[in-house]
Amino acid sequence: RPAATAATTARNRRRLTPGRVLLYVFVVLTALAWLFPVVWALFNSFRDYDYTSVNGYVSLGGFTFENYTNAWEQGEFTRHFLNSLIITVPAVLLTLFLASCVAFVVARYSFRFNLVLLGLFTAANLLPQQALLIPLYRAYREIPLPLWMSDSGQLLDSYWGLILVNTAFQTGFCTFVLSNYMKALPHEMFEAARVDGAGVPTQFFRITLPLCRPALAALATLQVTWIYNEFFWATVLMQSGDKFPITSSLTNLRGQFFTDYNLLSAGSVIIAIPVLVIFFLLQKQFVAGLTLGATKG
């Protein structure tokens, strides 16, 4: 009887109802609408601009690989990829470390301003970044830095400026996620550690952080994507073109009076490749980090 019940349930699931058909159609159309700009940019990145200017973009032919080599050379992508590496790696590591520290305090200790502290770190995600543009720009211009840290002598036009602003805006989200994840860890484990004489640093570095590896891997994937793709602050706070991260270097492919959009599409595809590689390499950890700790018990 259980086998028959299972077979009946499977048949009912396979049966196409009007509502299920509409759901499938909606999902397929949504997927196509999302994929169309990506496929269109990839398609045009392999086409010669002279051909498309005569025959139009809705045509076949004029395929070439020169757009990719020209985009790499004109955009100086080697230098700008290195700039993105210098900015992204420290910003992600610093964000995850600070968020882990705050989340550990919020999750493990009960005090009067516990939720206020969490709300303070999360509030940064509720503020539009454009509203902080002018005061932050003026502050960066006034804060001095040693010349060995910044050749401009200030936070403005320095890698440290972008690292700090990305860390400030991303720490709140990571704190919120990690605090909920740490609250799901069993309290008995920490009580046993305290009985054995483990102090707070030991509980944090040797117990909590190893157990939070899935969540940290998921957040690291998101943070690399967001900080690597960040365009607004890099364009505002960087004054020297040779310090631009890779996303801001796309402006090098735009002319003053003319823009080759096929060349721009090729540059965009090149810039997107590292993010795709990182996501697919960490896909398993990303999914595990988002699902584990979602429920208790």
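In what follows, residues are counted from 1 in the order of the sequence shown.
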Partners of T52 by side-chain hydrogen bond (donor to acceptor under 3.5 Å, both in side chains), sequence neighbours excluded?
N262
Quick one: side chains of residues 85-107, donor-acceptor pairs under 3.5 Å with protein atoms, not counting sequence neighbours, listed by atom name and distance.
from	atom 1	to	atom 2	distance (Å)
T88	OG1	S84	O	2.7
T95	OG1	A91	O	2.6
S100	OG	L96	O	2.6

Find the distance between CG (L42) and OG (S268) and round it off to the nearest 0.5 Å.
11.0 Å
Is F231 linked to L136 within one hydrophobic cluster, defined over Ile, Leu, Val, Met, Phe, Trp and Tyr using a side-chain heavy-atom separation of less than 4.5 Å?
no
Can you sort out the partners of Y159 under side-chain hydrogen bond (donor to acceptor under 3.5 Å, both in side chains), two or more places apart, ordered by chain and number?
N83
Donor-acceptor list for residues 199-217 side chains, cut-off 3.5 Å, not counting sequence neighbours:
from	atom 1	to	atom 2	distance (Å)
Q203	NE2	A198	O	3.2
T208	OG1	Q203	O	2.9

With a 6.0 Å cut-off (strictly less than), is the heavy-atom count around OH of Y109, excluding the residue itself, greater than 12?
yes
Co-membership, hydrophobic cluster, residues V58 and F46, 4.5 Å side-chain:
yes
If only side-chain N and O atoms count, and only distance matters, is there a donor-acceptor pair under 3.5 Å linking Y228 with T247?
no
Using the six-membered ring wherever Trp is involved, compare the ring planes of W40 and F43 and label them parallel, tilted or perpendicular (cut-offs 30° and 60°).
tilted
Mind listing the closest non-hydrogen atom pair of Q223 and C174 along with its distance?
NE2-SG, 3.4 Å
Keeping the roles fixed (side chain from K243, backbone from D157), state whether a donor-acceptor pair exists under 3.5 Å.
yes
Test of understanding: with side chain to side chain contact (heavy atoms under 4.5 Å, CB included), list the residues that count as partners of T225, not counting sequence neighbours.
N229, V275
For P37 and W34, the nearest pair of non-hydrogen atoms, with its separation, is CD-O, 3.4 Å
Test of understanding: clusters of I, L, V, M, F, W, Y form through side-chain heavy atoms closer than 4.5 Å, transitively. Do L281 and L219 belong to the same one?
no
Are E76 and H80 close enough that some pair of their side-chain heavy atoms sits under 4.5 Å apart?
yes
Which heavy atom of S45 sits nearest to which heavy atom of Y68, and what is that distance?
OG-OH, 2.7 Å
So R108 and K183, side-chain contact (heavy atoms from CB on, under 4.5 Å) or not? Walk me through it.
CA-CA 7 Å; R108 290 293 149 211; K183 287 177 182 178; 5.9 Å; no
Do E230 side-chain atoms and W233 backbone N/O form a donor-acceptor pair below 3.5 Å?
yes
Has Q130 got a side-chain atom pairing as donor or acceptor with L132's backbone, closer than 3.5 angstrom?
no
Suppose we screen for side chain to side chain contact (heavy atoms under 4.5 Å, CB included). Which residues come up paired with Y137, at least two apart in sequence or across chains?
R141, L156, V236, L237, Q239
Going by the rule side-chain hydrogen bond (donor to acceptor under 3.5 Å, both in side chains), which residues pair with W226 if we only count those two or more places apart in sequence or in a different chain?
none
Joint cluster assignment, F65 & Y261, ILVMFWY side-chain distance < 4.5 Å:
yes
For V21, the side chain to side chain contact (heavy atoms under 4.5 Å, CB included) test, sequence neighbours excluded, returns L16, V25
Are more than 12 heavy atoms from other residues, nucleotides or ligands located less than 6.0 Å from atom CD1 of I134?
no
Would you please name every residue forming a side-chain hydrogen bond (donor to acceptor under 3.5 Å, both in side chains) with T78, sequence neighbours left out?
W72
Honestly curious: do V39 and L264 fall in one hydrophobic cluster under the side-chain, below-4.5 Å linking rule?
no
Checking V54 against D50 for the side-chain contact (heavy atoms from CB on, under 4.5 Å) test, could you report, in this order, the C-alpha distance in whole Å, the side-chain angles of both residues, the deciding distance, and whether it holds?
CA-CA 7 Å; V54 174; D50 293 334; 6.0 Å; no
Taking all heavy atoms of L162 and all of P245, pick out the closest pair and write down the distance.
CD1-CD, 4.4 Å
Chi angles and distances behind the side-chain hydrogen bond (donor to acceptor under 3.5 Å, both in side chains) call for S249, R79:
CA-CA 10 Å; S249 68; R79 176 193 297 272; over 6 Å; no
Shortest non-hydrogen contact from S265 to A41?
CB-O, 3.4 Å
Determine, step by step, whether S248 and M238 satisfy the side-chain contact (heavy atoms from CB on, under 4.5 Å) criterion, reporting the C-alpha distance in whole Å, the side-chain angles of both residues, the deciding distance to 0.1 Å, and the verdict.
CA-CA 10 Å; S248 300; M238 282 297 188; over 6 Å; no
Could you tell me which residues satisfy ring-ring contact (aromatic ring centres under 6.0 Å, His included) with Y140, sequence neighbours excluded, listed by chain and number?
none
Just how far is it from atom CZ of F280 to atom CG of L276, taken to the nearest 0.5 Å?
6.0 Å
If you measure from CH2 on W160 to CG on L155, what distance do you get to the nearest 0.5 Å?
10.0 Å
Just by modelled atom types, is the T64 backbone N or O under 3.5 Å from a matching donor or acceptor in the D48 side chain?
no
Test item: D260 side-chain N/O and Y49 main-chain N/O as donor-acceptor pair under 3.5 Å
no
Decide yes or no on side-chain contact (heavy atoms from CB on, under 4.5 Å) for V224 and F279, but give the supporting numbers first.
CA-CA 9 Å; V224 167; F279 178 79; over 6 Å; no
Can you tell if the side chain of Y51 reaches within under 4.5 Å of the side chain of F63, non-hydrogen atoms only?
no
With rounding to the nearest 0.5 Å, note down the distance linking CD in E66 to CZ in R47.
15.0 Å
Applying side chain to side chain contact (heavy atoms under 4.5 Å, CB included), can you list everything that pairs with P135, at least two apart in sequence or on another chain?
none
Could you tell me the separation between the CD1 atom of I270 and the CG atom of L250, rounded to the nearest 0.5 Å?
9.5 Å
Mind jotting down which residue pairs meet the salt bridge (charged side-chain N to carboxylate O under 4.0 Å, His left out) criterion with at least one end in residues 218-228? Sequence neighbours excluded, please.
none
Is it the case that atom CZ in F176 sees more than 12 heavy atoms from other parts of the structure closer than 6.0 Å?
no
